[in-house]
Amino acid sequence: MRCDTVWYNAHLMTLDAAGNGLGVIRDGVVASVQGHIVHVGPASAAPVFAADERIDCNGRWISPGLIDCHTHLVYAGNRAGEFEQRLQGASYADIARAGGGIVSTVRATRAASEAELLAASLPRLDAMLAEGVTTLEIKSGYGLTLVDEAKQLHVARQLGQLRKVEVVRTFLGAHAIPPGRDGQDYIDEVCQVMIPAIAAQALAEAVDVFCENIAFSPAQAQQVFEAAQRHGLAIKIHAEQLSNQHGAELAARFGALSADHVEHLDDAGIAAMRTAGTTAVLLPGAFYFTRDTTLPPIGKLREAGVALALATDSNPGTSPLTSPLLAMNMAATLFRMTVDECIAGFTREAARALGRHGRIGRLATGLECNLAIWNIEAPADLVYRMGFNPLHARVFRGEPAP
Ligand code: DI6
Ligand code: FE
């Protein structure tokens, strides 16, 4: 079989097995042509390859490139001061109500140029790539004017042009009520002005809404979803993070790709997500950093067969985290997710949350050849250790990617 590159003498986590397992193939091979996988399987059953390049992996493990399906990576400033306030007892909601929180990052982001935003965001992206990320989602949501939301999304696109990574963009204009604005007036502007412009300029492929008692109501979220559907944008939601607003159920009714956080999700919301095929995106970094005590209903989601994705939720307020590996450890340690679920959560299931299940997130013929090659003895090593990065090499669309 002719191919551009073949990786051999490796153990594979294909994430392409029946059920939700890792689909492990010991002593396997992966071959690619023009950035796509053309063969995955045991070396013992492999064809003879006529390869331009043959890479001996020396017994290392290969997984699909990691996918971070929920980040707020592009922003200016930081919130270390609020972190100290929280250490002295202030809650996240107290700080938000006092005009801090998201709004303080909005002020810094509005004041920053695109170049300054790019310079601030690039180190955070590089930290993700260093841990094997090949695809990540980046939301707007710190501009809260069309110009500043577009500025964030332009920078997100530039990040994907400067590095070997796919950036998937989401418009989160409905992240917070801008200072001095009436919430309903602002949501009307999001729906009647911003979403049409974002769609017309192809600045994002999905919308997201912070549906919460300190942000936007289910009725306002529905307005945003209706506008998104009118303009061909997919739907995501920050739902049930601090309370049960029934946002996930609403989003599922609109065919949402994902409902994210979902600590306060109830049985009706689980059933609606199952029916709609909406993925639950669990965000253990925010749970940990805000010292949350309400666990997402993971056992019920598992029993219902709702897909479970994981993400860093990388943002300056509730999850200043750029380590998918640490997020995996938190998901196992805090949420009691299994090793298989944690690795699937940052590969196969994260691809599903981005509407890319058929393109990335598995080692399977026809999918993009995005690989992470690891110096580990077993898959559990990826989830078990904290603050240790065993990545050997990253491959993006068949090419070595620093
Ligand atoms: N929920 C979160 O945890 C982040 N946004 C959201 O809707 C927090 C973002 C921030 O605090 O800057
Ligand atoms: Fe978030």
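Ligands are counted one by one from 1 in listed order, and the atoms in each one are counted from 1 as well. The first residue in the sequence is number 1, and the count goes up from there.
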*N or O pair under 3.5 Å between T105 and ligand 1*: no

*Ligand-residue contact atoms, ligand 1 with R79, heavy atoms, under 4.0 Å*: 10 (C), 11 (O), 12 (O)

*asked:* Walk me through whether I343 and L382 qualify under side-chain contact (heavy atoms from CB on, under 4.5 Å).
replied: CA-CA 8 Å; I343 296 171; L382 284 186; 4.2 Å; yes

*Identify, by name, the N, O or S atom of D313 lying closest to the Fe ion (ligand 2).*
OD1

*Would you check if there is a donor-acceptor pair between the side chains of D68 and T71 at a distance under 3.5 Å?*
no

*Check whether any side-chain heavy atom of L282 lies under 4.5 Å from a side-chain heavy atom of D260, and answer yes or no.*
no

*Shortest non-hydrogen contact between L12 and V29, atoms and distance*: CD1-O, 3.7 Å

*Find out whether D148 and T109 are in side-chain contact, i.e. whether some heavy atom of one side chain is under 4.5 Å from a heavy atom of the other.*
no

*For ligand 1, which atoms sit closer than 4.0 Å to a heavy atom of I102?*
9 (C), 10 (C), 11 (O), 12 (O)

*So between H175, H70, K139, whose heavy atom ends up nearest atom 5 (N) of ligand 1?*
H175

*H238, N/O/S atom nearest the Fe ion (ligand 2)*: NE2

*Side chain, backbone, both or neither: which part of D313 comes within less than 4.0 Å of ligand 1 when only heavy atoms are counted?*
side chain

*Is it true that R348 and D16 have a side-chain N and a carboxylate O under 4.0 angstrom from each other?*
no

*asked:* Can you tell me if E212 contacts ligand 1 (heavy atom of the residue under 4.0 Å from the ligand)?
replied: no

*Point-to-point distance, once rounded to the nearest 0.5 Å, from CD1 of I214 to OH of Y92*: 5.5 Å

_For H238, atoms of ligand 1 separated by under 4.0 Å from a heavy atom_ = 1 (N), 6 (C), 7 (O)

*Do R124's NZ or CZ and the ring of Y75 fall within the cation-pi criteria of under 6.0 Å and 45°?*
yes

_Under 4.0 Å, counting heavy atoms only: does Y92 come that close to any atom of ligand 1?_
yes

*Given NE2 of H72 on one side and NE2 of H70 on the other, what angle do they make at the Fe ion (ligand 2), to 10°?*
100°

*Within a radius of less than 6.0 Å around CZ of R385, do more than 12 heavy atoms belonging to other residues, nucleotides or ligands occur?*
yes

*Of all the non-hydrogen atoms in the protein, which one sits nearest to atom 1 (N) of ligand 1, and at what distance?*
Q241 OE1, 2.9 Å

*Could you tell me the residue and atom name of the protein heavy atom closest to atom 9 (C) of ligand 1, and the distance to it rounded to 0.1 Å?*
Y142 OH, 3.3 Å

*Just wondering, is there an N, O or S atom on H261 that's nearer than 2.8 Å to the Fe ion (ligand 2)?*
no

*Consider ligand 1: state whether an atom of it lies below 4.0 angstrom from any non-hydrogen atom of L172.*
no

